[in-house]
Every structure is written in structure tokens, then in C-alpha cells.
Student: 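Structure below; questions to follow.
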Amino acid sequence: MSKYSMICILTLTAFCGSSIAQGEEATQFGHKRAYEGMVVEPTLPVATDVPDRILASWKSDTATSFSVTWRSRAGADAVAEVAVAEGGPEFVLGAELCKGETSELKTNLGTVHMHAVTFTDLEPDTLYVYRVGSRRTVTLSEKDQSSVEPATADYAWSEWIHFRTACKSKGNVSEPVRFVYVGDAQNDVKSHWSRLIRESFRDAPRMTFMLHAGDLVNRGNNDQEWGEWFHGGSWIFSSVPQLAIPGNHEYDRDRIAAGAGVVDADIPKTLSRRWAQRFEFPENGPEGSEENIFYVDVQGVRIIGLDSNREPDTQTEWLEGVLKNNPNRWTILTHHHPIYSSSVRRDNPELRKTWQKLYQKYHVDLVLQGHDHSYGRTGPIDLQLSHKLKTEENIATGLRVADQSGGPVYVVSVSGPKMYDLKQYPEETVKSNPFRKRAKDTQLYQVITIEQDRLVYQAKTATGELYDQFTINKDKAGKNLFEDQAPSAKVTQKD
């Protein structure tokens, strides 16, 4: 062992063995708060010919297709291969070659090329294996070319990746669905969010999909931050379908398009340039929605994504049509800004006024949201028992009603480290506080399991500990019975 190694070990031992005096503001490494405000490091910022930041999603029928996006440095074209998965390597002999789409993306770290492909005419509930390739811009040596197949000589490839198609929807019949939902990742994504999203996969490895309720990053046009997001999700994002709706931080100033010399005050915030290139979602939203407003049907569940950064009135007519013409047994809504806010100085009365009536009218089961950097979960809220539809303060427009009311359950959650204080409510909480369970300073992911007649919701901390739970049982007529099963808190959270 070298002298240098011995010094390092002794130094580390000194740090590990030291203790911090009670009440001292900072640790040996200077931590003054849990949310560190770390520098966004350039995680995988430099694109190469080899595909990276691979993400799977759905653009069309979830049972017979799936879509994939990835990036590379350049290349005139991109391709992909897909085959039914087998126990050995011979699936490659029957792999089908598909042509990808390529488009340029100018980022703050330079120009890259985004690629997308949609595999179609697949079999439902089938495990497939796929890989994606980008045409090489750096030619292989003659020796390397002679030792590989022509496809590898021409294209740089990803690994082969598994993906399972969904079961075919059968009207009002729901096949079992399990998915993970998370609120804002946003800050210190590589440092603090990685462990949570990976723990969620350990918890539900056979999940059907993941759902992100906005603010995936802090600055929507910052390529370093997207690098951290993909670092956290790693290969999970390439094998589990990802659904996402934009938060307010996906709306960013496009300084590159504005050009040099334009001050920020003169640059409007618009949806991140990469959103439509990064995510392949159904193009079934209102005109001009750019894949940020859509719905997806998965095994008897309709997932509807709205963009609460835009005027709610512009989405209302489309939303009512999607809710009214819905053959699925279960309906879940997601948007970034919450109907009922859990944190201080936050309220969205225009969403209650515009959208909540439709949620009640068309029997939405669950509404999943973010934005508030705290946790809040209601019971069923029925507008027929409401006090008001418009309020200047964040006072609930509905009561905690009988469990058989059938009103939607609203959830606000946060998965990243940035935390806000909880809103304080008057003592008469039954009439003013919509939440049955709340938390601050807690990173959470949610595992939601849906069967034909039952929805089980579990909120878990970053360490996998159960924090909240409820069950909705749906009878043959579609009426819900709600059961609050939240465990007793070890440490009482003061609202």
C-alpha cells in the first residue's frame, strides 16, 4: 500500500468517526439543508455514434405497438430491429428491421440528433426484444469491419432490450395493471432522485408503465439536467413505457432560437424544444398540443394527460369528449398543478372551476398531480356537497364525504429533494381541509395496482417504507367504495 493510499484511508476514517455537536448548523462537508442545491453536472452530455438516452413509450395502440426515442451525435439515418424474445440468442435470425426518423436538436451543449421509431403490428401481451442503431460517422477500421456483420459496420447499436406489449383492451374488462407515479424530480436529480426511482423499480419490477406528473427537470432546455434524469432512470426508461406531462419547469426560455444579444426578459417561456422529439406520445390531443396533451388506453384503464400550464378552457371541450366517449372501466387524470394545493401560497381555483366539474360528472377515479413539493391525499370529494366553486384561498370546495359518494380522489406528491412547507388549515378541518394524509420533507413514489373491480394505491418513501394506502372497490354499476388504509405514522406530521 502506498503512502498516499494510507493518508486517504486515515483521512476518511477521521471523517467517518467524527461526530457533529448537537445543534451545529453544518456537517463536516458543509450540508446546511437536505435540499443541497447542487451544481448540475454534465452527466453524459457528449453524444457519440452509439445510441444513448433510450426511452420507451406508447404513440399508438398499447397492445400492438410501442415507440422508442434515442439520441446520437449525428448520422444521416437511424434504424431499429425487433423480434419476439426467446431464451437464447437465435431470435436475431428473425429480427425485423425498421426505419427510424431523425431530426436535429440544438442544445446548450451543442447539436445532437434525435431518433424515433414505432414498432407496429405486434402481438398483445408478448415479450419482445429490440435494439436501436445510428449510422456511424466515424468509420470502423478495416480490421474491425472484417470481423463484424455489415449492419454493425454501418451502424452503432444499443444493447438488445426487453419490452412487453400490453394486453388487448376488451371494453369494460380490465386486465391487471400496475404502475409507478411520481411527482416533481426537478432538482439534484442525479444526486437525490436516482435512488428513489430505482427503489420504485425494485418494488414493482413487473410494472406496466411509469407516470411522471411534470417538472422532470428544473430547466427544460438545459441538456445537463436531462442527462441527470436519464442517468437516474438508466435502463429502466428503455424497458418500461414512460408517460409524462409537462410541468411549469418544462416551459423554458429558448435562448438558442432567440439568438445572441436577446435579453431574457424578451424571450417568452415555451414548451421545451425537445419535448416532442424526446417523447413519442399519442397525437390525439387538441390541435397544436405537441404531445403534451393526450390519452392512452391500457388494459381497461384510460390515462388522460393535461397541460395545466396552458389555459384550462382551451382543453375543456377536448377533455369532455375524451371522458364522455370512454369504454374503459377505470379513468385516471394527471396534470402538474393540483386541484387542491397542499403547500403554502399555492392555489389553483381556475382548475377547480373549469375541470373539477367534469371529473365529477364523468366519474373520474383518481387525479395524480405534482408542483407543490409536499404530499397530500384526499378522500373522495363530491361536488354535489360542495360549499363553493370559487375561492381566493386554498380552501376545499368539497367536503370529506361518505365513502360511497364516488367522487375522485386527489393526490399531490413529490419525488425529488426540494421541499415546501405544508399549508395550515383552520381547526374545523372537516369542512376546510380536503386532505386525509399529508407529509413534508419526504420523497415519495406511488405504486398503483388496478384489477377489474379494485384499485390499490400505496405511497412509499425513498427507502420503500409504506406511508399511505387506500383501496377503491368498484361494483358492477361503476359505483366506488373507498377504504382509507393509511398506516399510523411513527412520527406525527404537524399540518
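The residues of the chain are indexed from 1 along the displayed sequence.
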Student: Using distance alone, with no hydrogens and no angle criterion, decide if S342 and S374 have a side-chain donor and acceptor under 3.5 Å apart.
Tutor: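 There is such a pair (donor and acceptor under 3.5 Å, judged by atom type) between the side chains of S342 and S374.
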
Student: Among R274, R273, R278, find the one that has a salt bridge (charged side-chain N to carboxylate O under 4.0 Å, His left out) with D223.
Tutor: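 Among R274, R273, R278, the one meeting salt bridge (charged side-chain N to carboxylate O under 4.0 Å, His left out) with D223 is R274.
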
Student: Can we say D297 and R302 salt-bridge, meaning some charged N sits less than 4.0 Å from an Asp/Glu carboxylate O?
Tutor: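 Yes.
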
Student: State, without any angle test, whether H336 and N309 hold a side-chain donor-acceptor pair at a distance under 3.5 Å.
Tutor: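 Looking only at side-chain atoms, N309 and H336 do not form any donor-acceptor pair under 3.5 Å.
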
Student: Looking only at the side chains, is there a donor atom on one of T449 and R178 sitting less than 3.5 Å from an acceptor on the other?
Tutor: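 Indeed, the side chains of T449 and R178 share at least one donor-acceptor pair under 3.5 Å.
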
Student: Using the test side-chain contact (heavy atoms from CB on, under 4.5 Å), find all partners of V92 that sit at least two apart in sequence or belong to another chain.
Tutor: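 With sequence neighbours excluded, V92 shows a side-chain contact (heavy atoms from CB on, under 4.5 Å) to W160, given in chain and number order.
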
Student: Can we say K59 and E280 salt-bridge, meaning some charged N sits less than 4.0 Å from an Asp/Glu carboxylate O?
Tutor: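 Yes, charged N to carboxylate O under 4.0 Å.
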
Student: Aromatic contact between F230 and W235, with the criterion being ring centroids under 6.0 Å apart: yes or no?
Tutor: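 They do not qualify: ring centres at least 6.0 Å apart.
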
Student: Using ring centroids (six-membered ring only for Trp), state whether F435 and Y410 fall under 6.0 Å.
Tutor: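 Aromatic pair excluded; centres sit 6.0 Å or further apart.
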
Student: Between Y340 and D347, is there a side-chain donor-acceptor contact under 3.5 Å, judged purely by atom types and distance?
Tutor: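 On atom types as modelled, these side chains do not qualify, holding no pair under 3.5 Å.
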
Student: More than 12 heavy atoms of other residues, nucleotides or ligands under 6.0 Å from CZ of R310: is that the case?
Tutor: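 Atom CZ in R310 is crowded, with more than 12 foreign heavy atoms closer than 6.0 Å.
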
Student: My understanding is that only residues two or more places apart in sequence, or in another chain, count here; which of them pass salt bridge (charged side-chain N to carboxylate O under 4.0 Å, His left out) with D365?
Tutor: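 Per chain and number, D365 pairs via salt bridge (charged side-chain N to carboxylate O under 4.0 Å, His left out) with K474.
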
Student: Taking side-chain contact (heavy atoms from CB on, under 4.5 Å) as the definition, give me every residue that meets it alongside A244, ordered by chain and number, with sequence neighbours left out.
Tutor: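 Partners of A244 by the side-chain contact (heavy atoms from CB on, under 4.5 Å) criterion, ordered by chain and then number, come out as H212, L216, W275, F279, F281.
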
Student: Is it true that the side chains of Q469 and D484 contain a donor and an acceptor less than 3.5 Å apart?
Tutor: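 The criterion, which ignores hydrogens and geometry beyond distance, is not satisfied for D484 and Q469.
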
Student: In plain terms, say whether K437 and D468 are close enough for a salt bridge, that is, a side-chain N and a carboxylate O under 4.0 Å apart.
Tutor: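 Answer for the salt bridge query: no.
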
Student: Which of these, L271, L306, D215, sits in a side-chain contact (heavy atoms from CB on, under 4.5 Å) with P246?
Tutor: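 For P246, the side-chain contact (heavy atoms from CB on, under 4.5 Å) check succeeds only for L271.
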
Student: Looking at R329 and D453, is any side-chain nitrogen of the basic one under 4.0 Å from a carboxylate oxygen of the acidic one?
Tutor: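 Salt bridge present between D453 and R329.
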
Student: Any chance the rings of F163 and Y128 have centres within less than 6.0 Å?
Tutor: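 Between F163 and Y128, the centre distance exceeds or equals 6.0 Å.
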
Student: Using a distance-only test with no angle check, is there a side-chain donor-acceptor pair under 3.5 angstrom linking H249 and N218?
Tutor: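 Side chains of H249 and N218: pair found under 3.5 Å.
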
